[in-house]
Amino acid sequence: MSDLQSIETDARARIAAAATPADVEALRVEFLGKQGSISGLLKTLGKMSPEERQSEGPKIQGLRADVQDALSERREALEAAELEARLAQETLDLTLPAPEAPKGSVHPVSQVMDELAEIFADLGFSVATGPEIEDDWHNFTALNMAETHPARAMHDTFYFPEKPVDHALDQGERTGRTLLRTHTSPVQIRAMVERGAPLRIIAPGRTYRSDSDATHTPMFHQVEGLVVDEGIHLGHLKWTLETFLKAFFERDDIVLRLRPSYFPFTEPSVEVDVGYATEGGRRVVGGDGDAPGHAWMELLGSGMVNRRVLEFAGVDPDRYSGFAFGCGIDRLAMLKYGMNDLRAFFDGDARWLSHYGFTPQEQPTLSAGVGAAR
C-alpha cells in the first residue's frame, strides 16, 4: 500500500511540474506505457493468489485511473495556456481587405451565345437544340443535299465507322451513316418535324468539319435561325438580320449588302456582307462598305427555305414559306471583341481567358446593352 501511495505522490508531483504538453506525453509513457511503472504493477496481478488479487487489484486500477485523470487535466491546462498566449501575441486587423480568391471567367463563346439568345428572344425566337452525333438524313438528305454534294465527302465530314447491317431488320428504318453534324441545320429539320409551322427558332451549338487554320477549327460554334409562317418573304429576312446585327454590335450604322449565292437548302440564297472599317489594327463593324475608308466583309449566309426542305420536314410549301440564316458564333466573338486567331478559343490557356473572359456579373440584357464593356 505504501508503494502505491509513493508512486501516486511522485506521479502527481511530476505531472504538476510538467511545463509542456510534450512533457505530459513523456510522463504518460513512463507511467502508463507498455513498460511503464503502473503497467508493471498490473502485470503482477497474474502472479498473486486470488485473495491478494481481490485486495490489490482495485487499488492498482484506481491508481491507474487517478494518474490518467491527472495527465489529462494537466494536458488540457497547458494547451489552454498555449492558446491564450498565442491569442495575446497575434492580432487580426479586420479592416484589411480579404485575400483575393481564385476565380474563373465566362468564355467569350458562352458570352456571345447568351447575347444571341437575349436578342432573338426579344424578337420572339425560341432556342432549339439537337444531337451533335447526327445521321445522314437529317444532316444532308432532308436539307436537299444530293448524294454527290461535296459536303458529303470524307475530307469535309467526320463519319463514324459503318455498322454491319442486320438484314433481319426492316431496312426502311435506316437513316444513313452516322456522323458529327457539320452545321446546326439538322436542328431546323427536327424542329419542323416535331413542331410543324408556324415556327421561329435559333439553333446555336457545336459543329464539326475537317478544317483547321487561323480562322477555322475542326470544332466550332454556329448559330442558325429559321422562320416558317404564311407570307414570309426576303424583306422579313433582311429586317431580322439588320435588327439582330445592330443590337449585337450595339451600333445603328450597320449597313448590309445582300449578294446572290447558292445553298441547296435555300432558294433564292444570299450571302450577307456588312460594312466595316479598320481601326487600330482590328476590324470594326459599322458604316457603308462603299464609303471612303470602309470595305465589305462577308458575315453570314441566308435565303428563303427551299420548298423541298419544307416537304422533307412535312410542312406544306404551298401554304408556308420561310427564311433561314447561319453564321459562326466564334467569328462574331472575334469581330466584336477584337480577337484575331480562332485557335486560341480552344487552347484552354488561362492567361487568354483572364484577358478575354467575362465575369458572371456581365450578363447580357437589352436594357443595359447586350455586350460586356471591354
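Just so you know, these numbers use all the heavy atoms, side chains as well, and skip hydrogens, waters and symmetry mates.
Between atom CE of residue M339 and atom NE2 of residue H355 there is a gap of 8.0 Å, rounded to the nearest 0.5 Å. Rounded to the nearest 0.5 Å, atoms CG (L179) and CZ (R177) are 8.0 Å apart. I329 contributes atom CD1, which lies 3.5 Å from atom CE of M113 (distance to the nearest 0.5 angstrom). Atom-to-atom distance recorded for H236:NE2 and L241:CG is 13.0 Å, nearest 0.5 angstrom.
Applying the side chain to side chain donor-acceptor pair (under 3.5 Å) rule to E242 yields no partners; only residues at least two apart in sequence or on another chain are considered. Remark: F265 engages F263 in a ring pair (Phe, Tyr, Trp, His ring centres under 6.0 Å) (not counting sequence neighbours). Every residue two or more places apart in sequence or in another chain that forms a side-chain contact (heavy atoms from CB on, under 4.5 Å) with D318 is listed here: R307, D316. In terms of the ring pair (Phe, Tyr, Trp, His ring centres under 6.0 Å) criterion, W239 has no residue partners (sequence neighbours excluded). By the side chain to side chain donor-acceptor pair (under 3.5 Å) test, S261 is found to be paired with E271, residues two or more places apart in sequence or in another chain being considered. Checked against side chain to side chain donor-acceptor pair (under 3.5 Å), E134 has the following partners two or more places apart in sequence or in another chain: R190.
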E267 and R308: salt bridge (Lys or Arg N to Asp or Glu O under 4.0 Å), yes or no, with the steps?
-> CA-CA 10 Å; E267 179 61 37; R308 285 181 55 82; over 6 Å; no
Might you work through the side-chain hydrogen bond (donor to acceptor under 3.5 Å, both in side chains) test for Y208 and E132, ending with a clear yes or no?
-> CA-CA 9 Å; Y208 306 85; E132 295 177 23; 2.5 Å; yes
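Pairs engaging residues 64-77 under the side-chain hydrogen bond (donor to acceptor under 3.5 Å, both in side chains) rule: none recorded [sequence neighbours left out]. For residues 306-326, the set of pairs meeting the ring-ring contact (aromatic ring centres under 6.0 Å, His included) definition, not counting sequence neighbours, comprises F120-F325. Sequence neighbours left out, the pairs with a member in residues 285-295 that pass side-chain hydrogen bond (donor to acceptor under 3.5 Å, both in side chains) are D290-W296.
Hydrophobic cluster of L96: no remaining members, since no ILVMFWY side chain lies below 4.5 Å from it. Through side-chain heavy atoms spaced under 4.5 Å, either directly or across other Ile, Leu, Val, Met, Phe, Trp or Tyr residues, L83 is tied to L87. F220 belongs to no multi-residue hydrophobic cluster, having no ILVMFWY side-chain contact under 4.5 Å with any other such residue.
Of all heavy-atom pairs spanning A313 and M192, the tightest one is CB-CB, 3.6 Å.
When side chains are defined from C-beta on, T182 does not count as touching T207, because their heavy atoms never get closer than 4.5 Å.
Listed for the D229 side chain is no donor-acceptor partner under 3.5 Å among the backbone atoms of I232.
The residue from Y356, W352, Y337 that alone fulfils the ring-ring contact (aromatic ring centres under 6.0 Å, His included) condition with H107 is W352.
Using the six-membered ring where Trp is involved, F244 and F248 have ring planes that are tilted, between 30° and 60° apart.
A salt bridge is defined here as a Lys NZ or Arg NE, NH1 or NH2 lying under 4.0 Å from an Asp or Glu carboxylate O, and R259 with D273 meets this definition.
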